[in-house]
Every structure is written in C-alpha cells, then in structure tokens.
There are 2 protein chains.
Amino acid sequence: MPTEIAVLGGPPPERRDAARNRARLLDAALRLVDERGADQVTMDSVAAAACVGKGTLFRRYGSRAGLMLAVLDHSEAAWQAEVIGGPPPLGPGAPPMERLLAFGRSRLETSLRHADLIAAASGEHGRSHAAAAFTVLHVRHLLAELGVRGDLPLLATAVLAPLEASILVQQVRVDHLSEGRVLAAWSDLVRRVCRDPL
Amino acid sequence: MPTEIAVLGGPPPERRDAARNRARLLDAALRLVDERGADQVTMDSVAAAACVGKGTLFRRYGSRAGLMLAVLDHSEAAWQAEVIGGPPPLGPGAPPMERLLAFGRSRLETSLRHADLIAAASGEHGRSHAAAAFTVLHVRHLLAELGVRGDLPLLATAVLAPLEASILVQQVRVDHLSEGRVLAAWSDLVRRVCRDPL
DNA sequence: AATACAAGCGGACCGTGGTCCGTTTAGCCC
DNA sequence: GGGCTAAACGGACCACGGTCCGCTTGTATT
C-alpha cells in the first residue's frame, strides 16, 4: 500500500501520461474549434486528432460541454487579463463608470464572438464556470466603487444578464438590431441602476 | 390539377390526417412530459405513444426543441391569460408599478416551474417563441404606462433578462439563494430603472 | 530489479435525435 | 366510382454523445 502523504485533502495529482493526454486533447480541441467552429467539432474528431481513445477524452473532460468549457476558458483568458490589468478604460485607472461602460462594450463583443462556444459549453454545469464568476465579481466590484447600495451580487448578475450570449445572438443575429443600439440600451440600463437616489 | 383558391399567399391548410396526427402527437407529448418530466421524454416514446411513425413526428414539429416549444406554449397559455385578463395586481386594474412587480413574481415562479421544458425548447429557434415575445410586449407596455423614456423594447428585454430560466436555476437551485431574495433584487432593479430622472 | 496495484487507456457498444425514401392515402376532377 | 397527384406516412438507417470493461502502464515500495 502506497504511503499516504497528502494529509490535507485535495485531489491527488494527475499521472504524467494523463496530464499529457489532457494537454494533447485541449490542443486538438483548440485547433479544431478555431478552424471549423465549435459546432462542427465532434468528440470523435477531437479524440482522433489527439491520437487518443474516446474514453480518455470523456474521462478527462467529462462531456462535450466540459471540453468546450476548457476551450472557452482558454480563449477568454486574454480578455480577463485585459480587464484585470490592461490599459484603461477597460483596465484599472479610469473612473469606475467609464470602466463599467467599457466593460459592457467589450463583453458584448466577446459574447458575440464566442457565441457558439458559449452555447456549446452551457450544458449541465449551469453557467458557473470560472469566466462567468469572474464577470460577476468584476461588475460587483465596480458597482461597489460607484457607491451603489443594495444586494450587489444579485444586482451585478442582473446587470450582466442582458449581455448573455443567447440574448445577444437573438437581438443582433436574428432580429438584426445593431450592436450599437444594443450597447446604448445597456449603457442606459447601467446609468439608471447606478443613479444616486438622492 | 387542383384549383388554386388561395390567391393571397400563406401556407396551404393541413390535410385532415396530418392535423389529426399533429394533435395526437401534442396530446401524447403533454401527457408524457407531465408524468415523467421533459428530459425523460424521448422522441421515440412520443411517437410510439401517439401511434405514429417517428418521421411523422419530425415532419410536424421539426425537432425535439420544436415539440417542446409546442408543449410549453400550451402549458403557458393559462398564465398568459391571467396576465392579460386575470384579477389584479397581475391582471389589469392595478397601477402599472404594482402590475410590473406582480408580473416579476409570477414570471419567476413560472420560469422555475417550467425550467426543464424551457431548456428543452431553447434549441435552434433562438428564444423567439410566442411566449417570450409576449413577455417583452407586456413589460414594454407597462414601462410605457410608467412614463419610462428610452429604447423601450431593449429596456424591456434587459429587465426580463434576469428572469430567464437558466439564470434563475443557477441562482436558486445551484447557489441556493432564496426565491424571495432573488425577487427582492429584481424588484429593486425595476424600481431603479423606472425611477424618474428629475 | 521485482512486485503490486491504482490509475489510465481505448474502442466496442448503446441510446437518442434526426434523415431518407419507397409506399400509402386524402382530396380533387371527371 | 375511377383516376391522378401532391402530401403524408413510417420505419430502416445514420451520426454523435456517452458508457463500459478487459487490458496496459505508471509509480511507489521493498
């Protein structure tokens, strides 16, 4: 029986071949999604492109949604970095309201750009992936800086809700509303929410 | 060659057997969804229960999402009737703000009750089914009565966004926030949006 | 190095959504 | 009623997501 070192809980580390396969699979998925679009990528094709059995793919990522989530997180990492540490007004340095409006514009663009990926990733795990949690936290933080009172976590979620990919796709790609108009309406919403109730 | 009567365009009427099968299928689907829950109902089982071939099912309803949409519309008809003509404060007769808040509470409950059905119906047609259009129209109407200025269609969509089933399921069933708290936050949002900017 | 065993592996297999196409039938005209 | 055609029918068939299980391999222990 192997010595049990990890006294404090936590998942045991991945075996080296497992980690290698995980990386191979993510690589293959990133490449395929990039060159064909998310909804043209089958699980079999990813497994084949990674030279790995299908069973391994599902053991590592759980489901198609899980794999797409990993791809999505990878794709949005750069965006998150810009929000956290990039140049103003999106990054720190600008007044909170300007940052919030810049955030909205940027999020709108990103949601639309990754719409297919987001849809593919939005099965079963609810929407609670790292990326979503990050946006809520960020908006909540900005609202706090603006001195908004109330149930900030829920208010942040409410402000973010109209920027959900599924809603934006309906508005822009089905109803053919211009992105500018959608953004203007969102900005209006934000100003109303943040207005001081003096 | 049959006489062409419909000079003005529009889809030709359904053949009698087709209409009968459509009804049979919807009946079967309603019954199965009611007794097993939407995500335990397979297309094969619906076709079998309706004593109809699977091909027919798909010809009539296009896809699983289409069938579930029909079931959903049927299930929500009663709710829509209450909103349009039921007793206040949900129905007409109460002041607009009271109606709007009652609408929110009612919509929150309905979205959660039909969450599985809504999820099953939300493929491919975007969200543009009759039910969704109805809620937007209604909220838009109430906002107008409240004298709210701005891009009312988009503002209505933004106000409705936090009541989307997917978001509510995450908040209530995953994060275990109470319905009361979620509703309070939504009411707060609405009051902020409707506040007069004097 | 030899041993032991958990972890990992891969591909055959299954259920389900969706399509296809040869056959049947409702509706119209004579 | 008989004949014609477009519409409808239905079930065999396919693709894809997901599971299962017997075999392999990495790693820790001695």
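Any value given below was found using the heavy atoms of this structure, including those in side chains, with hydrogens, waters and symmetry copies removed. Note on naming: letters A, B, ... go to the chains in the order of the sequence lines (proteins, then strands), and numbering restarts at 1 for each one.
- Only at 4.0 angstrom or more do the heavy atoms of residues 29-38 of chain B sit from any atom of DNA chain C, so none qualifies.
- The interatomic distance linking A/Arg64 (CZ) with D/dA15 (P) rounds to 17 Å, in whole Å.
- The closest side-chain heavy-atom distance from B/Gln171 to A/Pro153 is not below 4.5 Å.
- Taken residue by residue, residues 42-50 of chain B places heavy atoms nearer than 4.0 Å to DNA chain C at B/Thr42, B/Met43.
- With DNA chain D read from its 5' end, the first of the two nearest nucleotides for A/Gly55 and A/Val41 is the one closest to A/Val41.
- Two residues are said to be in side-chain contact when any heavy atoms from C-beta on lie closer than 4.5 Å; B/Arg192 and B/Leu189 fail this criterion.
- A straight line from CZ of B/Phe58 to C1' of D/dC14 spans 13 Å, rounded to a whole angstrom.
- A sub-4.0 Å separation between OP1 or OP2 of D/dA8 and a side-chain N or O of B/Arg60 is present.
- Taking atom CD on A/Gln40 and atom P on D/dG17, their separation rounds to 11 Å, with Å as the unit.
- Residue B/Arg59 places at least one side-chain N or O closer than 4.0 Å to OP1 or OP2 of D/dC9.
- In this structure, B/Met68 places its CE atom 11 Å from C1' of C/dG17, rounding to the nearest Å.
- Distance check, rounded to the nearest 0.5 Å: CG of A/Leu30 to CG of A/Leu67 gives 8.5 Å.
- Using a 4.0 Å cut-off on heavy atoms, the residues of residues 14-21 of chain B that approach DNA chain C are B/Arg15, B/Arg16, B/Asp17, listed by number.
- Separating the CG atom of A/Leu25 from the C1' atom of C/dG8 is a distance of 13 Å, rounded to the nearest angstrom.
- Taking A/Ser75 as the reference, nothing meets the side-chain hydrogen bond (donor to acceptor under 3.5 Å, both in side chains) condition, with sequence neighbours excluded.
- Distance check: A/Asn21 CG to A/Arg16 CZ gives 13.0 Å after rounding to the nearest 0.5 Å.
- Contact of the B/Glu76 side chain with the B/Thr135 side chain is not registered, since no non-hydrogen atoms from C-beta on lie closer than 4.5 Å.
- Here D/dC16 presents its P atom at 15 Å from CG of A/Leu67, a figure rounded to the nearest Å.
- At the phosphate of C/dG8, neither OP1 nor OP2 sits under 4.0 Å from any side-chain N or O atom of A/Thr56.
- Side-chain contact between A/Leu26 and A/Arg60 is absent, with no heavy atoms from C-beta onward closer than 4.5 Å.
- Atom OH in A/Tyr61 sits about 15 Å away from atom C1' in C/dG8, given to the nearest Å.
- For residues 42-57 of chain A, the set of pairs meeting the side chain to side chain donor-acceptor pair (under 3.5 Å) definition, not counting sequence neighbours, comprises A/Thr42-A/Ser45, A/Asp44-A/Lys54.
- Across the protein-nucleic acid pair, B/Lys54 atom NZ and C/dG15 atom P stand 13 Å apart, rounded to whole Å.
- A/Arg64 approaches A/Ala38 most closely through the heavy-atom pair NH2-O, 3.2 Å.
- The shortest side-chain heavy-atom distance between A/Trp186 and A/Leu108 does not fall under the 4.5 Å cut-off.
- When atom types are taken as modelled, the side chain of B/Ser106 and the backbone of B/Ala102 share no donor-acceptor pair closer than 3.5 angstrom.
- Pairs engaging residues 89-115 of chain B under the ring pair (Phe, Tyr, Trp, His ring centres under 6.0 Å) rule: B/Trp79-B/Phe103, B/Phe103-B/His138 [sequence neighbours left out].
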